[in-house]
Number of protein chains: 2
Amino acid sequence: MSVTLKDVAQAARVSVSTASRALTGTGLTSERTQQRLLLIARELGYRPNPIARGLKTGQSRLVALLVHNLTNASFQVMAEVVQARLKALGYQMLLCIGGDDPQQESDTLTTLVDHRIDGLIVVPTGKNGAQLKALAKDIPIVCLVRRDDATDLETVLADDPQGAYLGTRHLIELGHKRIGLIVGRQDTTSGRERLSGYVRALREAGIARDDTLIHAGHYVPETGVTCCRKLLDLPRPPSAIFVANHEATLGVLRVTAERNITIPDDLSLLCYEDMPWFEWHRPAISIVDNGARDLANLAVDRLLHRMDAKGNGNDGVREYRVGARLIKRDSCRHFDATAPAKSGKSKSSSSKSSAAKSAKV
Amino acid sequence: MSVTLKDVAQAARVSVSTASRALTGTGLTSERTQQRLLLIARELGYRPNPIARGLKTGQSRLVALLVHNLTNASFQVMAEVVQARLKALGYQMLLCIGGDDPQQESDTLTTLVDHRIDGLIVVPTGKNGAQLKALAKDIPIVCLVRRDDATDLETVLADDPQGAYLGTRHLIELGHKRIGLIVGRQDTTSGRERLSGYVRALREAGIARDDTLIHAGHYVPETGVTCCRKLLDLPRPPSAIFVANHEATLGVLRVTAERNITIPDDLSLLCYEDMPWFEWHRPAISIVDNGARDLANLAVDRLLHRMDAKGNGNDGVREYRVGARLIKRDSCRHFDATAPAKSGKSKSSSSKSSAAKSAKV
DNA sequence: CGATACACTGCAAACGATTGCAGAAACGCT
DNA sequence: AGCGTTTCTGCAATCGTTTGCAGTGTATCG
């Protein structure tokens, strides 16, 4: 069916071994024959069979990336980055979707080692520590975004404490004192860390922590709906909301739209993690960027390092933090303490009516 | 390192061949030994090595899905569907991102055949017909969403003519007569087909086609911006816009927000293809659903069929169409011909006004 | 000029499975 | 008991590479 090494060898009237050595460039063959074989191989359109090679060498040139889903914009860019990087190095990426489900993660993991992947970047659920630990003995593994506490795997993390701190401080600097926080479940690292960053910023600013302003929930839009309602229904509702549970953003947006709350006039909104449409939305939504691109790149770097190091790529470091940064757009504004709360106020502002607008933009 | 067939055979005091036959269940071994081997294999934690097996059988248990990107929501759900289906059948999905770039597509394709994938579902760029055709001789291929005209590959397509027709008709039924269309490049199948569906609906309703209402462009948000502006700046702007180039939706939304145009009061908006946030958006955006989920499922079905059929799974059918359907949400409304156009009308609802304020523009 | 090193090359055994072929065991039948 | 079937098992080749080892030829040196 396809051209094998034998074919090349025959055409060149040498043995398979010589052909192999010439083509893989082990340097054990004369310059002349090497060139000749290279040429013949090209003419014949020879492509080495990774399966056969893999059988012998134990390597597959396959690197897996295991993420929870593809809906999350961060995972999308990570996948794209990883794929691009790996391809450039001659690896194929095996992208797997684990659905944040331990069982599925475990299954996938076994399939992957069956296929003798050369390396793995995984966003762990945290429930398969033992398995991961065992795997790590055989293949290089790097954890991404989440840590699996049951292991001591090298992990590339977003700097969530800092990101949350940055975001909260930004809001404080704008004059907000009552800042609602919608954050992820407290049994996840990111959930805890983001809360801590928020708390630290508050403390630094001398603002007392008010637990009625803090809501945690699952990473789904519905969380945004319920939490946002709770916040707005408070006797003294917040003047700003920091949605540090990115999936919840949709829910928050909906509730504010339903209640005719104008962002950022009536309420400032700051979100965690970017989505492609955030900058197209009006008002464009300010965010704390967790640096998905950097995270992915670093993860690949670390993985490659380990793969090269053949066994011990331990540089002592167990955990890398990728800095978060604030991207200011239009959804946060200075808080004027004298203005009325968010009760039904009618807009005087229609000033900028469409006439002016339609100019050119 | 890991348990091989030989280990199992030794433990059971039989030959490797017997072990192999027992475990693969070829029925050529006695019930008793088979059970015994199954047991021992389980105890030892034996997992067959797909690489070794692949070398002998020429199969890899790998099926590739090649899409343009992961940003597109349709591709996301397709990837998830394909992954789920394949995994259930013991295949691993190789998800590849081709970026709609012929060169990259071609490279990826070669890598994939190198890895002896058992099957391929591809969204073709349309520029590598020859290569695809050649590949199709060796492995089962199904095209998805786009057709490659240079081949006669089995193709699973969305019913774009029908979808566009449905959408347009919906708007017409709501009383709209001037319907703007923002559609994809006319050198893509989908671009052409959606335009044709739009035209048909118009003709059926006895509405003259007005080419100033029709704009085509690349699949990027910017297209939405420019096309939308052109439409709104028309002497007689449309009362509804059908965005049949899904990437352009963001741009359209931005322009309308900037110009203080309230949807659906001032302008009805209908989009093609769903995005997760469409139903959370206020107003929730009505769409024509191209049935990404169904498309993916059908593609998998067809591929599996071909893979089973070993060579000729040709059922004569070359092309499958998956019906589109209309999902009515809140972005389209009845058009009242008596109301003023979209000139400077001040908002009664006032809700959105300030959003556009941010002067930015 | 003979010995010794060196640079290449080829043979053959792996890697871990599958599979055609032939031998062994078990059985039924005359 | 002898023979033919049938049923199971094992040997060994094979898939396409890589790689240790031994062999060949040529250059180098004393």
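Quick note on labels: first sequence line is chain A, next is B, and so on, each numbered from 1.
- Within 6.0 Å of the CZ atom in B/Arg293, the count of heavy atoms belonging to other residues, nucleotides or ligands does not exceed 12.
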*Take A/Leu94 and A/Val63 through the test side chain to side chain contact (heavy atoms under 4.5 Å, CB included) and record every step on the way to the result.*
CA-CA 6 Å; A/Leu94 263 168; A/Val63 169; over 6 Å; no

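- In this structure, the CZ atom of A/Arg21 is 10 Å from the P atom of D/dT19, given to the nearest Å.
- Note on A/Ser15: a side-chain N or O is less than 4.0 Å away from OP1 or OP2 of C/dG10.
- Contacts of A/Leu28 with the nucleic acid, taken as non-hydrogen atoms under 4.0 Å apart, include base atoms.
- Note on A/Ser20: a base of the nucleic acid sits closer than 4.0 angstrom, heavy atoms only.
- A/Ser30 has a side-chain polar atom (N or O) that falls below the 4.0 Å cut-off from OP1 or OP2 of C/dT9.
- The number of heavy atoms from other shown groups lying within 6.0 Å of NZ (B/Lys127) does not exceed 12.
- Within 3.5 Å, no donor on the side chain of A/Arg116 pairs with an acceptor on the base of C/dG16, nor the reverse.
- In plain terms, the two heavy atoms of B/Ala11 and B/Leu44 that are nearest each other are CB-CD2, 4.1 Å.
- Contacts of B/Thr24 with the nucleic acid, taken as non-hydrogen atoms under 4.0 Å apart, involve only primed sugar atoms and P, OP1 or OP2.
- Note on B/Thr18: every side-chain N or O is 4.0 Å or more away from OP1 and OP2 of D/dC8.
- At the heavy-atom level, A/Thr4 lies under 4.0 Å from the strands shown only through sugar-phosphate atoms.
- Across D/dG10, C/dG16, C/dT9, the shortest atom-to-atom separation from the side chain of A/Thr33 is found for C/dT9.
- Within the structure, every side-chain polar atom (N or O) of A/Arg53 is placed at least 4.0 Å from both OP1 and OP2 of D/dG16.
- Per the geometry, CD1 belonging to B/Ile51 stands 14 Å off P belonging to C/dT18, to the nearest Å.
- The distance between atom CG of A/Leu23 and atom P of C/dT9, rounded to the nearest whole Å, is 12 Å.
- Position along DNA chain C of the nearest nucleotide to A/Lys56 versus B/Tyr46 favours A/Lys56 as the more 5'-ward residue.
- Across all strands, B/Ser17 comes closer than 4.0 Å to base atoms (heavy-atom distances).
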